[in-house]
Amino acid sequence: QVQLVESGGGLVQVGGSLRLSCAASGRTRSTYTMGWFRQAPGKEREFVAAINWSGATTSYADSVQGRFTISRENAKNTVYLQMNNLKPEDTAVYYCGAGGYYSGSFYRPDYWGQGTQVTVSS
């Protein structure tokens, strides 16, 4: 099993920035794809970004392209999501995922974190 713990969420004003972190423990593999999803109230969980094991390949949802950056630090089994120019529509619970299937812009993790709340106020 793999345990994922997200951190870095909070309340920020429109145009502000946040950096989310997700630390993996347990049966971790540096070869795991890792990524981020989000779920707003009353909506389905949606893909945000993913990164392959080496960091050479990344994918983003159209809604965050150019504003969010995913990165990873394999020595720490940690993936990050730098979020800039935040908008009210970015308000959601953000979930980290690891392992699973990743191809193009499609990512289906095997493991999930508990989520961290991001609220963007206007």
Ignoring hydrogens and geometry beyond distance, is a side-chain donor-acceptor pair present between Tyr94 and Glu6 at under 3.5 Å? no

Residues Thr91 and Glu89: side-chain donor-acceptor under 3.5 angstrom: no

Give the minimum heavy-atom separation between Ala98 and Tyr32, together with the two atoms involved. CB-CD1, 4.4 Å

Heavy-atom pair of closest approach, residues Gln117 and Ala92: NE2-O, 3.4 Å

Cluster overlap Tyr80 with Leu4, hydrophobic side-chain contacts below 4.5 Å: no

Hey, any chance Val5 and Ile70 share a hydrophobic cluster, counting ILVMFWY side chains that come within less than 4.5 Å of each other, even indirectly? no

Who else is in the cluster with Tyr95 when I, L, V, M, F, W and Y are joined by side-chain contacts under 4.5 Å? Phe37, Phe47, Val93, Tyr102, Tyr107, Trp112

Value rounded to 0.5 Å, distance of [atom1] in [X] from [atom2] in [Y]:
X      : Y      : atom1 : atom2 : answer
Glu73  : Thr78  : CD    : OG1   : 6.5 Å
Met83  : Trp36  : CE    : CH2   : 8.0 Å
Tyr60  : Leu81  : OH    : CG    : 7.5 Å
Ser122 : Gln13  : OG    : CD    : 9.0 Å
Gln1   : Tyr111 : CD    : OH    : 5.5 Å
Arg72  : Thr58  : CZ    : OG1   : 12.0 Å

Can you tell me if [X] uses its side chain to pair, donor with acceptor, with the backbone of [Y] under 3.5 Å?
X      : Y      : answer
Asn74  : Asn77  : no
Asp110 : Gly99  : no
Ser59  : Gly104 : yes

Verdict with reasoning, Val79 to Ser71, per side chain to side chain contact (heavy atoms under 4.5 Å, CB included): CA-CA 6 Å; Val79 64; Ser71 61; over 6 Å; no

Crowding at CD, Gln3 (>12 non-hydrogen neighbours, <6.0 Å): yes

Are Arg38 and Arg45 side-chain neighbours, meaning at least one heavy-atom pair lies under 4.5 Å? no

Result for side chain to side chain contact (heavy atoms under 4.5 Å, CB included) between Val12 and one of Asp90, Leu86, Thr119 points to Leu86

According to salt bridge (charged side-chain N to carboxylate O under 4.0 Å, His left out), who are the partners of Arg27, at least two apart in sequence or on a separate chain? none

Show every donor-acceptor pair shorter than 3.5 Å between a side-chain atom in residues 15-25 and any protein atom, with sequence neighbours excluded, or say none if there are none.
from, atom 1, to, atom 2, distance (Å)
Ser17, OG, Asn84, OD1, 2.9

